[in-house]
Amino acid sequence: MRKKIVAGNWKMNKTMEEALILASEVANMVKDEVSTDVTVVIASPSLYLSTLQKYAEPIANLSIAAQNCHQKASGAFTGEISAPMLKSIGVEYVILGHSERRQYFAETNEQLAEKVNIALENGLTPIFCCGESLEQREAGGFLEFVASQLTDSLFHLSAEDFAKVVIAYEPIWAIGTGVTASSAQAQEMHAYLRGHLATKYGQEIADNASILYGGSCNEKNAPELFACADIDGGLIGGASLKSREFTNIAKSY
Ligand code: PGA
């Protein structure tokens, strides 16, 4: 059985005071309302993670995530945060390869392969993001393009390591735009990616891989998206900044 995951990506939002309010509200709602079959993840700015860990720790199905980590374990990389640092404060997940990191910080598939490696070496679960731009979708070949992002950054992994990775399909044209992929468009991509994983790792491992959808997912469209056979949850941006809406998304199963 693959894991159902609803992860909130706060991006660069919230002051400390606001973060404490949002995290404590989410923690209470998850404890009282969300089935323990669904893992809820909060990816706050790294600055707050050790404080927010206190809210997540007592709740079995609530975890915290970083939004990025560096590909090296330590060293002269001013301003960066490493996987061992995240591990040392109890972080369990790390988002890697978000399209905003690829676009604004020029992250490449090769660099992301190194980030995936260091995350796994430190016992962190990567939430590996992939997705095509609108131009790529309109030009065709977008299924193969997204599959190649997985090939280039993940297919060097052993089956044992690959089985620890969570994938998030996020069409760039749907991120923060209010335009969601239709459930048919999302399902088409998820099924294609699962088939691609099967060619490398076999059907059983592909069937056990959690593939999340991200891109303007909200409490209204989540039930239909999550009902699709190959959609195993969501990576939620804007709607994760409101505790009630985010919890309702997690309750959509
Ligand atoms: P959005 O962001 O839900 O605001 O579209 C999703 C994401 O970037 O992870």
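When a ligand or atom number is given, it counts from 1 through the structure's own listing order. Keep in mind that the numbers below use all heavy atoms, side chains included, and drop hydrogens, waters and symmetry copies.
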- Please report the shortest heavy-atom distance between S99 and I172, naming the atom on each side.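 Smallest interatomic distance, heavy atoms only, reads CB-CG1, 3.7 Å.
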- When you look for heavy atoms under 4.0 Å from ligand 1, do you find them on the side chain of A174, its backbone, both, or neither? backbone
- Given that the side chain starts at C-beta and the backbone is N, CA, C, O, which of these parts of I175 lies under 4.0 Å from ligand 1, counting heavy atoms, or is it both or neither? both
- Query: What residue and heavy atom of the protein are closest to atom 9 (O) of ligand 1, and at what distance?
  - Reply: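 The closest one turns out to be E170 OE2, 2.7 Å.
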- Among all protein heavy atoms, pick the one closest to atom 4 (O) of ligand 1 and tell me residue, atom and distance.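 Here the nearest protein heavy atom works out to G238 N, 2.8 Å.
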What do you reckon, does [X] have a nitrogen or oxygen under 3.5 Å from a nitrogen or oxygen of ligand 1?
{"X": "H98", "value": "yes"}
{"X": "I236", "value": "no"}
{"X": "G215", "value": "no"}

- Message: Can you tell me if A239 contacts ligand 1 (heavy atom of the residue under 4.0 Å from the ligand)?
- Response: no
- Query: Contact between G214 and ligand 1, counting heavy atoms under 4.0 Å?
  - Reply: no
- Lys/Arg-Asp/Glu bridge criterion (N-O < 4.0 Å) met for K4, D232: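 Looking at D232 together with K4, the answer is no, because their closest N to O distance does not fall below 4.0 Å.
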- Item | E114/K72 ion pair, N-O < 4.0 Å |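 Yes.
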- Query: Is there a donor-acceptor contact under 3.5 Å from the side chain of N61 to the main chain of S35?
  - Reply: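 Checking the backbone N and O of S35 against the side chain of N61, a donor-acceptor pair under 3.5 Å is found.
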- Tell me whether the centres of the aromatic rings in F155 and Y201 are closer together than 6.0 Å.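 Centroid separation for F155 and Y201: below 6.0 Å.
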- Where does the angle between the aromatic ring planes of H190 and Y169 fall among parallel (under 30°), tilted (30 to 60°) and perpendicular (over 60°)?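 Ring orientation of H190 relative to Y169: perpendicular.
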- Query: Quick one: which of N28, V34, V40, V30 gives a side-chain contact (heavy atoms from CB on, under 4.5 Å) with I59?
  - Reply: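 One option only clears the test, and that one is V30.
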- Item | Polar contact flag, side-chain donor to acceptor under 3.5 angstrom, N208-K3 | no
- Message: As an exercise, identify every atom of ligand 1 less than 4.0 angstrom from a heavy atom of N9.
- Response: 9 (O)
- Message: Closer than 4.0 Å to some heavy atom of K11 - which atoms of ligand 1 meet that?
- Response: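 In order of number, 2 (O), 7 (C), 8 (O).
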- Message: Quick test of your reading of the structure: of G237, G176, A43, whose heavy atom lies closest to atom 5 (O) of ligand 1?
- Response: G176
